[in-house]
2 protein chains.
Amino acid sequence: MKELLLADVPFRFDGRLWLEGPTDRFMGVGRLQLLEHIAVLGSISQAAKAMQMSYKRAWDLVASMNAQVRTPLVQTQTGGKRGGGASLTPAGQQVVAEFQALQARFQAFLAAETARLNG
Amino acid sequence: MKELLLADVPFRFDGRLWLEGPTDRFMGVGRLQLLEHIAVLGSISQAAKAMQMSYKRAWDLVASMNAQVRTPLVQTQTGGKRGGGASLTPAGQQVVAEFQALQARFQAFLAAETARLNG
DNA sequence: GGTCGTTATATTTGTCCGGATATAACCCTG
DNA sequence: CAGGGTTATATCCGGACAAATATAACGACC
């Protein structure tokens, strides 16, 4: 590509990758961030607020993920201390760790391609 | 990941990558396919029909791509033989070739990650 | 037992993108 | 000079998806 074809302003590669289940999506960047926030904040509603995401959407995503695995990624508690809460199960923590690593490898791929583009 | 966490049905990786310009997207899989169809069929409307894409959308995409480069990727002719037509410029052919190669490398990356997932 | 913040869920509202539609301009061909 | 198929462009309309809203249930804690 390069100078001949494109404008002076640099073009940037970008991309997304995700894990697709049999029915709907299982894991992606948005879902990953949601899990990370839940792990830190201990609540679906707090996580949603921190991401300026509607609670409904956040809850739907959690339900979707939990429905696709044997052991849920997020366990919830209604009522009780502080009114309730949510936290990651060991399975959830493992999924987060693995997908974070995958994202890192993908970023490296993207960086390599960007270098090839500009080189 | 693997057997412990996920259902029996295999999950599969999927992803997209694209080239982002300063204002809007410059190149992606959809735009690539559109260019390929234009190259073969010699017409924007024919290409759109072959992809079951509305002519409006196809034309918008072509205009977007042409607006972001010095020399257009697609040259068009209104009126004339067969009422007009469209074809790829050398610049357009080069972009198609390069992005096809990129897509191939990306598919390889995806395959490697899928192997790691199932391995 | 009242309070509180959360999960859980349904329903309504709103917004945005794409498709459909319409029409003009173009120019080779017969 | 009329016809035909395409590019070029504006406008209207609907459906999908997200957000907002509403409400019930829950259970520890004071």
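Here is how names work: the chains are called A, B, and so on, in the same order as the sequence lines, proteins then strands, and each is numbered from 1.
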Atom [atom1] of [X] and atom [atom2] of [N]: how far apart are they, to the nearest Å?
| X | N | atom1 | atom2 | answer |
| --- | --- | --- | --- | --- |
| B:D24 | C:dC17 | CG | P | 12 Å |
| A:I44 | C:dG5 | CD1 | P | 18 Å |
| A:R25 | D:dC17 | CZ | C1' | 14 Å |
| A:Y55 | D:dA18 | OH | P | 17 Å |
| A:D60 | C:dA10 | CG | C1' | 11 Å |
| A:L61 | D:dC17 | CG | C1' | 13 Å |
| B:M53 | C:dA20 | CE | C1' | 16 Å |
| B:M51 | C:dG19 | CE | P | 11 Å |

Among [options], which nucleotide has an atom closest to any side-chain atom of [X]?
| X | options | value |
| --- | --- | --- |
| B:T76 | C:dG19, D:dA19, D:dT7 | D:dT7 |
| A:R82 | C:dT6, C:dT7, D:dT6 | C:dT6 |
| A:K81 | D:dA28, C:dT29, C:dT6 | D:dA28 |
| A:S45 | D:dA8, C:dT7, D:dA19 | C:dT7 |
| A:T78 | C:dT7, D:dT6, C:dG19 | C:dT7 |

At less than 4.0 Å, is any side-chain N or O atom of [X] found next to OP1 or OP2 of [N]? Yes or no.
| X | N | value |
| --- | --- | --- |
| A:W59 | C:dT7 | no |
| A:S43 | C:dG5 | no |
| A:Q77 | D:dG27 | no |

Handout entry: Position toward the 5' end of DNA chain D (nearest nucleotide), B:G80 or A:R57
Key =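 The residue mapped nearer the 5' terminus is B:G80.
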Exercise for the section: Could you tell me whether the side chain of B:M27 reaches within less than 4.5 Å of the side chain of B:L35, counting heavy atoms only? Expected result: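 Contact flag for B:L35/B:M27 side chains = yes.
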Practice task
Answer whether the closest heavy-atom distance between the side chains of B:Q103 and B:L17 falls below 4.5 Å.
Solution key: yes
Practice task
Report yes or no: do B:R31 and B:S64 form a side-chain donor-acceptor pair below 3.5 Å?
Solution key: yes
Handout entry: Position toward the 5' end of DNA chain C (nearest nucleotide), A:K56 or B:G83
Key = A:K56
Handout entry: Mutual orientation of the aromatic rings belonging to B:F109 and A:F106 [parallel < 30°, tilted 30-60°, perpendicular > 60°]
Key = tilted
Practice task
Look at atom CZ of A:R82 and say whether more than 12 heavy atoms of other residues, nucleotides or ligands are closer to it than 6.0 Å.
Solution key: no
